Enquirer: 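Right, I'll just put the structure down here and ask away after.
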2 protein chains.
Amino acid sequence: MASDSRPRSAGDGRPRPATVPDDELARRVLNLVWRRRAVSRAEIARSTGRSRSTISEVVGRLLGTGLVAEVGAGESRGGRRPILVGFEDEAGVILGVDVGATHISVILTDLRGNTLAWRERSHPVRSDPKGAEALITGLGEACLAEWNGDRSRLMGIGVAVPSPVDPGSPDRVLERVLPAWRGHGVLDRLNSVFRVPVFVDNDANLGAVAERWWGEAVGIDDFVYLKVATGVGAGIMINGEIHRGATGVAGEIGHVAIDPNGPECVCGNRGCLATFVGTRQLVDRARSLLNSYPDSILAGTEPGIRAIEDAALADDPLALQVVNEAAVRLGIVVAGVLNLLNPGSVVLGGSLARAGDRLIRPLREAVATRTLVASAAASDIRTSDLGERAVALGAATHVLVAALANPRLFPGVIPA
Amino acid sequence: MASDSRPRSAGDGRPRPATVPDDELARRVLNLVWRRRAVSRAEIARSTGRSRSTISEVVGRLLGTGLVAEVGAGESRGGRRPILVGFEDEAGVILGVDVGATHISVILTDLRGNTLAWRERSHPVRSDPKGAEALITGLGEACLAEWNGDRSRLMGIGVAVPSPVDPGSPDRVLERVLPAWRGHGVLDRLNSVFRVPVFVDNDANLGAVAERWWGEAVGIDDFVYLKVATGVGAGIMINGEIHRGATGVAGEIGHVAIDPNGPECVCGNRGCLATFVGTRQLVDRARSLLNSYPDSILAGTEPGIRAIEDAALADDPLALQVVNEAAVRLGIVVAGVLNLLNPGSVVLGGSLARAGDRLIRPLREAVATRTLVASAAASDIRTSDLGERAVALGAATHVLVAALANPRLFPGVIPA
DNA sequence: GCACTTTGTTCGGCGCCCGAACAAAGTCTG
DNA sequence: CAGACTTTGTTCGGGCGCCGAACAAAGTGC
């Protein structure tokens, strides 16, 4: 629905905005130019297997759209110097929205993932969906205002939600998790306010997209992104594409059982990962340890998750203990994922990723003792360095991915 | 290497055996005819989106290869009755080899997965690889002899091995597991004896292929096949293709930890799935229970795995207890797989699948208490009914899949 | 019996793409 | 430094896959 709607960019009523590159070859060339940043026609011909004459014609059409431009001359390879063609990163902008459990953040990026503007606000999303709706459009407007560019260049909006998304109707958030967002609420609203296509996906999935394009997983086609924040979720990238599963709930690993004798979980089972790892659990655990660590920086305070992470970075023994315990629990699940999927990499995101090496080192240890196959154990495990903007960035990137796969989504800029 | 070699079918030295359909459209049409079994040119045109004239020309060429043929007239849709075109299932035959830990079996199939011949023999593969090599070729020859058809119609050989296969060089079995098969041994031997391409893959992967084409997972693109026999392995089908992972060891779930206090495993960890489920473990467990079940059919015997399965089917309490325990352990892992991957289906194969409902029912129960998300829990779990031939059949099917994706592999039959 | 449909074939033509040829602009060698 | 050689990018004629129109053959339905 919303994601099907076409961009009604800057009321130009011409029958055809420009020579829209809707053919397969133009799409491939456009993607190649995006990836290589500066590449000659001859090089494109070699990469695609087409002749130089054909590529020359296609590039000519692409130049007309304003999405690519000649950007100077390259090094000679023994003959005439090539004319380099590059992608116009500023030809379009994208809004990315991260709807968390307790906050909303919005990012504005160009077509290279550069941040043009950024806004964040705490908000009780679950209890006040109406306010959340207004907040999203407000923050979006604020970002566009700060950027102060031509608004007709806005291509689309990506939205990350902390719940599974039905693959059949990607604009309909599962009511079970966000009941108030039922039906054609927020997303059609967004569409009608900004008049551009709106895409929705799960937050862990979009975090994985961000890592794949700008973070630790660039160039890796099979990896798993683990988001550890309020809850725990996984984004599974297989063959360069998000794996959603049969009903769209793939990656919901919060309720994988890791200890049959563990504490009871809200889901009715015992020893779920979610009963050990997650903002609420880590904070509770830290507070219960306060008496045992009288020398801790945190002693005498009522620490929040941020304080605990900061303390861990300062090598506070209490905080390190909490992080260590979480790492071991995560390690059990990561080991299972490695044994099952053999990903090329595992990237840890979410707020806990701030702990960096202090989280990764014990986690690697826990994994190493639980994986038989040497190559699986060799899979590298890293923390994300995209920070708190990762998910919003991934939401924006999702729109970019869609546009590169279907260039009609790009605005028909500079038609001359 | 071996899998790259082209079939040197029946010494016809012509520059071009026939109008080999190497173009994309001919490939699509051929696949469509295979799937629909009997379909008119007009219907193909509608399905592919091409014009009737184009399809008519392509079908004409395919008729010349002998891979398809006109098979009669169909129902009228209000006008002239269509001429139905069908796939010639007997145009080629394929050998499938299942190399187990303690046995070798070989199947000969046509292009519809029909069994034309079948041979099986116990053999200590690990300790006598040289004998295994001779046995494979011998059983293969025996199958071809029983079939008694034109040997130039043999298209290829698929081989299933009980170990991971490096995706980079699919003809080189990982030495760690089958050290004696190092380098260019058995497979090049097979290739030079039968003079057809040889394909190799992991047994669980090929079991999944068999289920996808002929078994419980027909039409399902995302599912997981669990093979429970000497060991435990998983074949993961995603988007209709086997998922091998970054280094080809995806699906090696035998050493997923399910109980931190469980018995020690050969891998050095505690409580691996492999310490509970697997032929050796089930037999040991059954024997240790003999004293507690004096009334069991198995009392006073030294039961093997087959006897235990038979006893379970006869509702013997001891055998049921063993199967129950295995089911609960498997359930823990299946629940994890469901939470992580959300497959459309889970199919249980291997010898233990013989237990059928007696295995599935307690397994479903164990899974239901460990999955939060309703749709994940709704994923149906079934046992395979392909029996002991599943893996060999999958190996043969692997060759069929390759040929349908690249029709050059088909023999140039009936060139007139 | 007649109008209408559907199928499968033939045939002219359009469009994508290629290869050859060429001018422009380099590099390398003697 | 001049001339031979390379590489790039463009132009242009042509091949080939595919389409649409037209048609004959063979049905259905009123």
Side-chain angles (χ1 to χ4, degrees), chain A residues 16 18-33 36-65 67-87 407-408, chain B residues 16 18-33 36-65 67-87 407-408:
Chain A
R16 282 193 190 160
T19 348
V20 179
D22 56 348
D23 52 317
E24 172 64 14
L25 183 57
R27 196 191 60 76
R28 281 178 62 193
V29 171
L30 187 62
N31 277 265
L32 195 68
V33 171
R36 306 276 274 271
R37 309 186 83 121
V39 61
S40 71
R41 290 168 175 81
E43 176 59 25
I44 297 173
R46 280 190 294 270
S47 296
T48 59
R50 301 285 119 122
S51 71
R52 286 189 324 234
S53 49
T54 302
I55 296 303
S56 209
E57 185 270 339
V58 172
V59 168
R61 263 175 28 236
L62 287 176
L63 287 172
T65 67
L67 288 175
V68 305
E70 300 188 339
V71 293
E75 286 294 292
S76 164
R77 304 194 328 150
R80 171 177 165 179
R81 298 175 64 186
I83 306 170
L84 296 184
V85 174
F87 194 90
R408 293 172 203 256
Chain B
R16 282 194 190 157
T19 349
V20 180
D22 56 347
D23 52 317
E24 172 64 14
L25 182 56
R27 195 191 62 75
R28 281 179 61 192
V29 171
L30 187 62
N31 277 265
L32 194 68
V33 171
R36 307 275 275 268
R37 308 186 85 121
V39 60
S40 70
R41 291 168 175 80
E43 177 58 26
I44 296 174
R46 280 189 293 269
S47 295
T48 59
R50 301 283 116 124
S51 71
R52 287 192 324 244
S53 49
T54 301
I55 295 303
S56 210
E57 186 268 342
V58 171
V59 169
R61 264 172 31 232
L62 288 176
L63 288 172
T65 66
L67 288 175
V68 306
E70 298 188 340
V71 294
E75 287 293 294
S76 164
R77 304 195 325 150
R80 172 177 164 178
R81 298 176 61 187
I83 305 169
L84 297 184
V85 173
F87 194 91
R408 293 171 204 257

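All chains are named by letter (A, B, ...) in the order of the sequence lines, taking the proteins before the strands, and each is independently numbered beginning at 1. Here the structure is a predicted model, which means the values were calculated and not measured.
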Enquirer: Check DNA chain C against residues 36-46 of chain B and give the residues with a non-hydrogen atom under 4.0 Å, in numerical order.
Expert: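 Contacting residues: B/S40, B/R41, B/A42, B/R46.
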
Enquirer: Think B/T54 has a side-chain N or O under 4.0 angstrom from the OP1 or OP2 of D/dC18?
Expert: no

Enquirer: Once you apply a heavy-atom cut-off of 4.0 Å, does A/G49 come out as touching a base, just sugar-phosphate, or nothing?
Expert: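 A/G49: backbone/sugar contact only, no base atoms under 4.0 Å.
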
Enquirer: How far does CZ of B/F87 sit from CG of B/L32, to the nearest 0.5 angstrom?
Expert: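 Going from the CZ atom of B/F87 to the CG atom of B/L32 covers 12.0 Å.
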
Enquirer: Just to be sure I understand the rule, does A/I55 reach a base, reach only the sugar-phosphate, or reach nothing, if contact means heavy atoms closer than 4.0 Å?
Expert: nothing

Enquirer: To the nearest Å, give me how far apart CD (B/E57) and P (D/dG17) are.
Expert: 7 Å

Enquirer: For the side chain of B/R50, starting at C-beta, report the closest nucleotide among D/dC19, D/dT8, C/dC17.
Expert: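 Looking only at heavy atoms from C-beta outward on B/R50, the closest nucleotide is D/dC19.
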
Enquirer: Got a salt bridge between A/R61 and A/E57, using NZ or NE/NH1/NH2 to carboxylate O under 4.0 Å?
Expert: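 Salt bridge between A/R61 and A/E57, a charged N being under 4.0 Å from a carboxylate O: yes.
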
Enquirer: Confirm from the modelled atom types if A/R80 and D/dT7 form a donor-acceptor pair under 3.5 Å, side chain to base only.
Expert: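 Checked by distance alone, the answer is no.
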
Enquirer: C/dC16 P sits how many Å from B/E24 CD, rounded?
Expert: 19 Å

Enquirer: Let's see if you can work this out: which of D/dA21, C/dA21, C/dC18 has an atom nearest to the side-chain heavy atoms of B/S53?
Expert: D/dA21

Enquirer: Do A/R41 side-chain atoms and A/V59 backbone N/O form a donor-acceptor pair below 3.5 Å?
Expert: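 Looks like no, no N/O pair under 3.5 Å.
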
Enquirer: Could you tell me whether a side-chain N or O of B/R50 sits under 3.5 Å from a main-chain N or O of B/A45, the two making a donor and an acceptor?
Expert: no

Enquirer: Check whether any side-chain heavy atom of A/V39 sits under 4.5 Å from a side-chain heavy atom of A/V33, and report yes or no.
Expert: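 Yes; the side chains approach each other to less than 4.5 Å.
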
Enquirer: Report the C-alpha distance between A/L30 and A/V68 in whole Å, list the side-chain angles of each, state the deciding distance to 0.1 Å, and finish with yes or no for side-chain contact (heavy atoms from CB on, under 4.5 Å).
Expert: CA-CA 8 Å; A/L30 187 62; A/V68 305; 3.8 Å; yes

Enquirer: Quick one: which of C/dA25, C/dG8, C/dA20 gets closest to the side chain of B/I83?
Expert: C/dG8

Enquirer: Does a sphere of radius 6.0 Å around CZ in B/R37 hold more than 12 heavy atoms from other residues, nucleotides or ligands, not counting ones at 6.0 Å or beyond?
Expert: no

Enquirer: Tell me, which of residues 70-79 of chain A have any heavy atom that sits under 4.0 Å from an atom in DNA chain D?
Expert: A/R77, A/G78, A/G79

Enquirer: Whole Å only: how far is the CG atom of B/D23 from the P atom of D/dC18?
Expert: 7 Å

Enquirer: Out of D/dC19, D/dG27, C/dT7, which nucleotide sits closest to the side chain of B/R81?
Expert: D/dG27

